[in-house]
Amino acid sequence: MLLTTLLVLLSSQCVWTRKSEPVLDEADAGFFRGSDRYDFAVEVPAAGMECFWHFAHQSGSFYLTYMVQWLTGMANNHQLFVTVHSPQGALMASKNEAVGQMNFQTEVTGFYRMCLGNRNNQFGGIRVFVNFGVIYEGFEESKTEMEEEVKVLNNTLAGIEGSVQKLQNQIFHMWRHYNFARMRKGKDHYLLQSNFNYVTWWSATQSLVIILAGYLQLHVLKRLFHTDSSRPRC
């Protein structure tokens, strides 16, 4: 009898901690809700567009943060046209700025499309740092699973679970602020590097012009004092 009770408890815990990617027609399956996020840099070519798809469940908090860090070629416009569409094709958010943040609640389960369009520069590319993902504030469980959870877990474990969930959410928001600060640091680095190259080349060019002007002045002065040795002197 004791062995049977232990097997039932272990099987109920295994079902509760299951983590899987649900099929679209399994809305009432009660799967575990976790966080999923990405951050990377991508180069958008001249007059081009880069699109990404990210899976999100219903009732999640979808976020997208981006920052233009570097221009290539003959690009001179830092603005980037960014759009986010739902799995059904509806426009969820859009921005046409160099730095932008988007946040919205997902209402449909499926793949959300994010597109980065460099339509403002016809002859130069843009390097963009992108940070996006989805976070779920809690778990969606059926009444049967809730009853099983009450039988297995006591109030202490439930309180610890709530505290851990709040701590994870706070750490996640801290990580987002850190990521945004890292993007700004990268942008400042590229700006300093560009200014350094600009000052170096202009200094070299001005030095060359000064040396050439001095040489020409010296040559003209020598011509003024030049005497013809073949002519007799007074």
What distance do [X] atom [atom1] and [Y] atom [atom2] have between them, rounded to the nearest 0.5 Å?
X    : Y    : atom1 : atom2 : result
E97  : M67  : CD    : CE    : 11.5 Å
L221 : L216 : CG    : CG    : 11.0 Å
Q217 : L212 : CD    : CG    : 10.0 Å
T205 : I210 : OG1   : CD1   : 11.0 Å

Decide if the gap between the ring center of F132 and the ring center of Y112 is smaller than 6.0 angstrom. no
Would you say the side chain of V130 lies within less than 4.5 Å of the side chain of L64, judging by non-hydrogen atoms? yes
Hey, does M114 have a side-chain heavy atom less than 4.5 Å from the side chain of F62? yes
[X] versus [Y], closest heavy-atom pair with distance:
X    : Y    : answer
Q58  : Y136 : O-CE2, 4.3 Å
I126 : N121 : CD1-ND2, 3.5 Å
Q105 : S61  : NE2-OG, 3.0 Å
G124 : N118 : O-ND2, 3.0 Å
R127 : A41  : NH2-CB, 3.5 Å
M102 : Y66  : CE-CE2, 4.4 Å

Stepwise side-chain contact (heavy atoms from CB on, under 4.5 Å) test for N96 and R119: CA-CA 10 Å; N96 189 22; R119 64 182 186 182; 4.0 Å; yes
Are [X] and [Y] connected, step by step, through hydrophobic side chains (Ile, Leu, Val, Met, Phe, Trp, Tyr) whose heavy atoms are closer than 4.5 Å?
X    : Y    : answer
L91  : L80  : no
Y198 : W70  : no
Y38  : M92  : yes
L116 : F81  : no
Y178 : F172 : no

I'd like to know if the side chain of Y63 and the backbone of N131 have a donor-acceptor N/O pair within less than 3.5 Å. no
Go through H78 and L71 one step at a time and tell me if the side-chain contact (heavy atoms from CB on, under 4.5 Å) criterion holds. CA-CA 7 Å; H78 285 75; L71 301 180; 3.4 Å; yes
Under 6.0 Å from the OH atom of Y215, do we count more than 12 heavy atoms belonging to anything else shown? no
E107 atom CD: more than 12 heavy-atom contacts under 6.0 Å: no
Relative to the ring of F55, is the ring of H57 parallel (under 30°), tilted (30 to 60°) or perpendicular (over 60°)? perpendicular
Which side-chain N or O atoms in residues 42-54 pair as donor and acceptor under 3.5 Å with protein atoms at least two apart or in another chain?
none

